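All figures in this text were calculated on a predicted structure; none of them were measured in a lab.
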Amino acid sequence: MSAATKRITVKVNNKILKMSMIRSRKSSDQLSQVVSPVVMMSLLRSNAAVGMTVNEVVDQLRTDTAAGLTSAEALRRRKVHGPNNFEISVEDPLWKKYLDQFKNPLIMLLLASAGISLFMKQFDDAISITMAIIIVVTVAFIQEYRSEKSLEALTKLVPPKCHCIRDNQLTTFLAEDLVPGDIVSISVGDRVPADVRLFEASGLSIDESSFTGEIEPVGKYVEALQVSSSNDLSERRNVAFMGTLVRCGKGKGIVIGTGQDSEFGEIFKMMQAEEAPKTPLQKSMDTLGKQLSFYSFLVIGIIVIIGWIQGRKILDMFTIGVSLAVAAIPEGLPIVVTVTLAIGVMKMAKRKAIVKKLPVVETLGCTDVICCDKTGTLTKNEMTVTQIITSDYHHAELTGVGYDSMGQVNIISSTSDHDEAMRSFKKVIEVGLVCNNAELTQQGLMGSPTEGAILGAAMKLQLPDVRAQYLRVEEWPFSSDTKMMMVRCHPIDDKNNDMWFVKGAIERVLDNCSHYYERGQSVTLSEKQCHYYNEQAQMLGLRGLRVLGMAYGDSPTSLVFIGLVGIMDPPREGVREAIHTLMGMGLSVKMLTGDGEDTAKAVAARIGLYAEGVRTMSGSELETIDVGRLSQSIESIAIFYRVTPRHKLKIVKALQARQHVVAMTGDGVNDAVALKTAEIGISMGKTGTDVSKEAADMILVDDDLSTVLAAIEEGKGIFYNIKNFVRFQLSTSIAALSLVAIAMILRLPNPLNAMQILWINIIMDGPPAQSLGVEPVDHDVLRQPPRKVTENIITRPLILTTLTSAFIIVCGTMWIFHEEMEDGKITPRDTTMTFTCFVFFDMFNALSCRSHNKSIFQIGFFTNRMFLYAVGGSILGQLLVIYFPPLQKIFQTEALYASDFALLISLTSTVFIVSEIRKFFTRRQEDQLLHQREMAFYPENMLSSNLNPNIPHVLRHSQSEDDTQSYMTCQSEMDPN
C-alpha cells in the first residue's frame, strides 16, 4: 500500500501551522510516537462541550480530573495553542502615526500650496502654510496618541494567577500558562481564567453581566445539556466563561478554550474585524478639501483665460492665478477645526465626559439614533428591594437604590397599626438575612446582588444583621432545579432547636409551606391563601420585579410562609428625563438587553420607552434575519431583548444601512464590538469594563446618560462654529480675489500692494478668524434636529450668505478706491483708504459671523472675550500700520483723518446691518418650523420645567405615566412605521 500525505492545520496564536504527516503501516503505538496526542486532540467550543458528559470531555481532551496534566504535556500543548491571552496587533511606530495625520485631503492640499509658493519664491506664504500644517498635525497627533490603546484592555480579562492541578498537585501560577485540558479550581471572588467545562459545582453562581448583560448571577451545575437548549450563552449552565466573576460557591472544571479560542476570544476577533467608521466631520472636511481644490484650479483657469484673451503673457497669468488660488485656500481652517475640537474635548471633560478622539465631539451633533444597553446604562446594575408584601396583608414600598440605608419604608396598605406592620416587614427581611451569604465590604458587595438587595432592605428597616444570632449547620444552595435556597441552623443559645429558613421562587416555597404567619401566630395555609399570594407575586412580576418568597419553620416540609419581596434593578436617576429630551430633539432611542421580554418591557415603561403598541424583537428573531431584512423594519422597533454581542452588531449595522448616525452606549464586554462599530461608542466610567472603555469613543465619568445631552449640545455648537469660520473665510477670500480680478479685467492699477494683501491674509487666517471657533455654545442648538450626515459644510444657504457679504465688501471697497483715485493716479492715500476699508469690512463681517441666525444683541457683545481681544488687536495693528512711521514705509501708507474713519465705519458697517436683517427673517422662519416640530413631539399638556436642573432647559416635560402614553401615541401618529 503506497504512502499517502495528509495535511493537518493547527491554529497557533492566530496563525496557521501546517504540518505534514506520513501515514504508513506502523502500528497505532508507533503512530502515537510520531504524532503528539495534543496534535490529534481537537479543540472544544463551549456550545459543543455543554452537550457532552464530563467523561466525554475528559476523553476528548486527554486529561485527568484528579491528577491534571503533566508539566511536560502542558508545555507541548502551550506550543500548539499558544499562551492564554490575546495577541494584540503590533502597533505602528510613532513616526508612522505622525505621518498618517497628513493623509487628510485638506492637509495634502495645503502641502501642495506650500510647495507651489516655495517654487514661486513666495517664501512668506510657504512659511505660514507650513507652520499651520505643523500645528494642526501635532495637536491632532498628541490628542489621539494619549487615548489610542485599543484592545489592550482585553488582556486584563485574564487574571494574573489561577489555581490549577498539575502533576497531581494543586498549584498557583500565571493564568496565561493555562492550556486546554488543565484542571482549574475556582471559588468566591475569583475571575474565571479560561472557558471551563465544570465537573464540580457546590453552590456555584457566576456573575456574567459583563458578558451576557444579565445582572443576576447564573447558577452552575455539571450535568450535560441538550444541544438544542445551549444556543443562548446564558443557558450554558455547565460552562464558566473566561473573565466572569465567581459570586458564590466553588467549583472545578476542565479548560476547554484559552485566549482567542474562548468565547471572549470570539468578541476579540469580531472587534479586530470591525473598522471604526469615519466621522461625519471627517467626511465633510474631505469633501471641503476636494471642493477647495476644484475651485482653486477653476480660479487659475479663469485668470489664465482672461489674461490670454487680453493678450498678456501666459506665464505671467499662470503666476498670478496660482498666487490667488494659494491665497484663496484658508490655511487657518485646519487650525480652527483642530483647536475648536480640542477645546470641545476639554469642555466635555469638565462636564464629566472623556472624549478619546477629536472628531468624535462634533459627530454627536449628527447622531440621530442612540442604542442603549439596559444593565449599567439605563439601570443602576444594583438590585434593590422595592416591594414587601407580608403574609398578613401588609404592603410597603421601599425608596432609594443600592446596597445602603438611603431610602424610606412607605406603608401602602395595612390591616393593623404601624408598629405591627413594621414587625411583619422585619420578619420577612429577617428570613432573607439568615438565608443569605452576601457581605458588604469596603470594596463593595461580595456575593449575589439579589442577596445584597436584602441587606440593603434590612438597613432601611434598621434591622441588625440577625445572622450573628444563629449558627448555621447545613446549607442547600439555590439551583435551577430546586429554585430555592435553604439553610438549617439553630439559635446560638439553644443548640437543640433546629430551624429552617427558605427563600426562592414563590411557587416552590409555598409547596413546602403548611402554615402562614399572621399577627405573631402560625395559621393553617389554605388554597385560597396560596392563590392570593401567587396573584401578588404575578402582579409584581408584571412590573418587571424579581419575586422571592420567604418562609421558616422547624421542618423543611412544613414551613410557615412569611411573605414575599419584589426586587428590581432600578433606572438611573434622570434617565427618563434624558430619554424624553433626546426624543424631543429628533433622536430615536432603542433599548438593548440580555434580559427576558417582561423585564425589558417593564424597565422600558419606567423610563418612557415602552407603551402599548411599541414593537419589540428577541434575539432568536434576530438570528433568523439578515442585516438587509432587519434594516427594513428596524425603524419601528424600540426594544431588543435576549440579545448577544453578534445581535448588537447586527442592530448597529442595520441602522447604518438606513444612513443613520448611531451612538451606542454600554458597559460590558458584550457591548464592545457594537461600541467600536457605531459612529459613537459611549462607555460608562464607573461600571464599565476596561474592554468597553477601550472600544468606546467617549466615556461618561459619572455614568449619567444626561451627560450625552451636554455632549450633543457641544457637538452641534462646534459644527456651527466651524461653519461660521468657513463663512467668514470664504466671504473674505472671495472679496479679495474679486477685488484683484476686477481691477485686472478693467485694466486698473492693483488697489492693494503685496504687503497689504499679506496683512489681510493674516487677519483672514489669524486671531479674528480663529476666535470664531471658540464662540460659546448656543443652548438653543438642542432645538435643532440632528444634522444630516450627507450635509456638507458648504451648503446652499451658506453660499448665498457668503456671496452676499462678499458682494457688499467688493462694492464698498471698489467705491472707495474709485472715489480716492479721481485723478487716475494711485497714491499712498488711495491704497491706505482702500486697504483700511477692506480691513474694517473684515471686522464687521467677523462680527456678523459670530452666529448664523442670532443677532449680536441676543448672543451678547462680551460673551466671546477671545473675539474682542482679537478684533481689538487687529484694529490696533491697523492703526500702527497707518500711523507708525516704520510701518508706513513697509506698507506704503499714510495717516488718515478722523472724518476718513467716520466715512469708513459708516460704509463698512453695512455688511453687518444687512446680515442682521437677514438673520431676523431667517430666525422667524426657523422658530415657526421648530415650534411646529416641538408641538408634534410634546403637546402643551406635556410641557413643564419641573425637571432635573442638569437637563437643558429646552424641550422639558413632566414624568407622569400619562405623559409617557401621550408621547408614545404622538410618536406613532407621526411615524406610521
Separation between [atom1] of [X] and [atom2] of [Y], rounded to the nearest 0.5 Å:
| X | Y | atom1 | atom2 | answer |
| --- | --- | --- | --- | --- |
| Arg918 | Asn853 | CZ | CG | 8.5 Å |
| Glu713 | Lys716 | CD | NZ | 9.5 Å |
| Asp830 | Glu894 | CG | CD | 8.5 Å |
| Leu772 | Gln729 | CG | CD | 9.0 Å |
| Gln892 | Phe835 | CD | CZ | 11.5 Å |
| Met843 | Ser848 | CE | OG | 11.5 Å |

Side chains of [X] and [Y], heavy atoms from C-beta outward: is any pair under 4.5 Å?
| X | Y | value |
| --- | --- | --- |
| Leu587 | Ile712 | yes |
| Phe920 | Glu916 | no |
| Leu739 | Ile809 | no |
| Thr732 | Phe838 | yes |
| Thr831 | Thr827 | no |
| Pro751 | Thr813 | no |

Tell me the closest heavy-atom pair linking [X] and [Y], and the distance in Å.
| X | Y | answer |
| --- | --- | --- |
| Leu907 | Trp815 | CD2-CE3, 4.1 Å |
| Leu904 | Cys837 | CD2-CB, 3.7 Å |
| Leu896 | Arg829 | CD2-NH1, 3.7 Å |
| Cys366 | Val661 | O-CB, 3.5 Å |
| Arg727 | Cys849 | NH2-O, 3.8 Å |
| Ile734 | Ala806 | CG2-CB, 3.8 Å |

Pair Phe857 and Phe861, ring centroids less than 6.0 Å apart: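 Distance test on ring centres: under 6.0 Å, yes.
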In terms of ring plane angle, is the pair Phe844 and Phe912 parallel, tilted or perpendicular, where the classes change at 30° and 60°?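 Tilted.
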Counting neighbours of NZ on Lys854 that are heavy atoms of other residues, nucleotides or ligands and sit closer than 6.0 Å, is the number greater than 12?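 Yes - once you tally the heavy atoms of other residues, nucleotides and ligands closer than 6.0 Å, there are more than 12.
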Is the closest side-chain donor-acceptor distance between Asn721 and Glu775 under 3.5 Å?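 Side-chain D/A pair, Asn721 to Glu775: absent.
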For the residue pair Asn724 and Ser851, confirm or rule out a side-chain donor-acceptor distance under 3.5 Å.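 Judged by distance alone, the side chains do not pair up.
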Determine whether Thr863 and Arg850 satisfy the following criterion, side-chain hydrogen bond (donor to acceptor under 3.5 Å, both in side chains), listing intermediate values before the conclusion. CA-CA 10 Å; Thr863 52; Arg850 282 186 58 188; 2.7 Å; yes
Would you please test Asn845 and Ser731 for side-chain hydrogen bond (donor to acceptor under 3.5 Å, both in side chains) and show each step? CA-CA 8 Å; Asn845 188 31; Ser731 57; 2.7 Å; yes
Among Thr893, Thr836, Asp842, find the residue that satisfies the side-chain hydrogen bond (donor to acceptor under 3.5 Å, both in side chains) test when tested with Gln878.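 The single option meeting the side-chain hydrogen bond (donor to acceptor under 3.5 Å, both in side chains) with Gln878 is Thr836.
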Between Gln858 and Ser855, is there a donor-acceptor pair closer than 3.5 Å when you use the side chain of the first and the backbone of the second?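 Here the side-chain-to-backbone pair exists.
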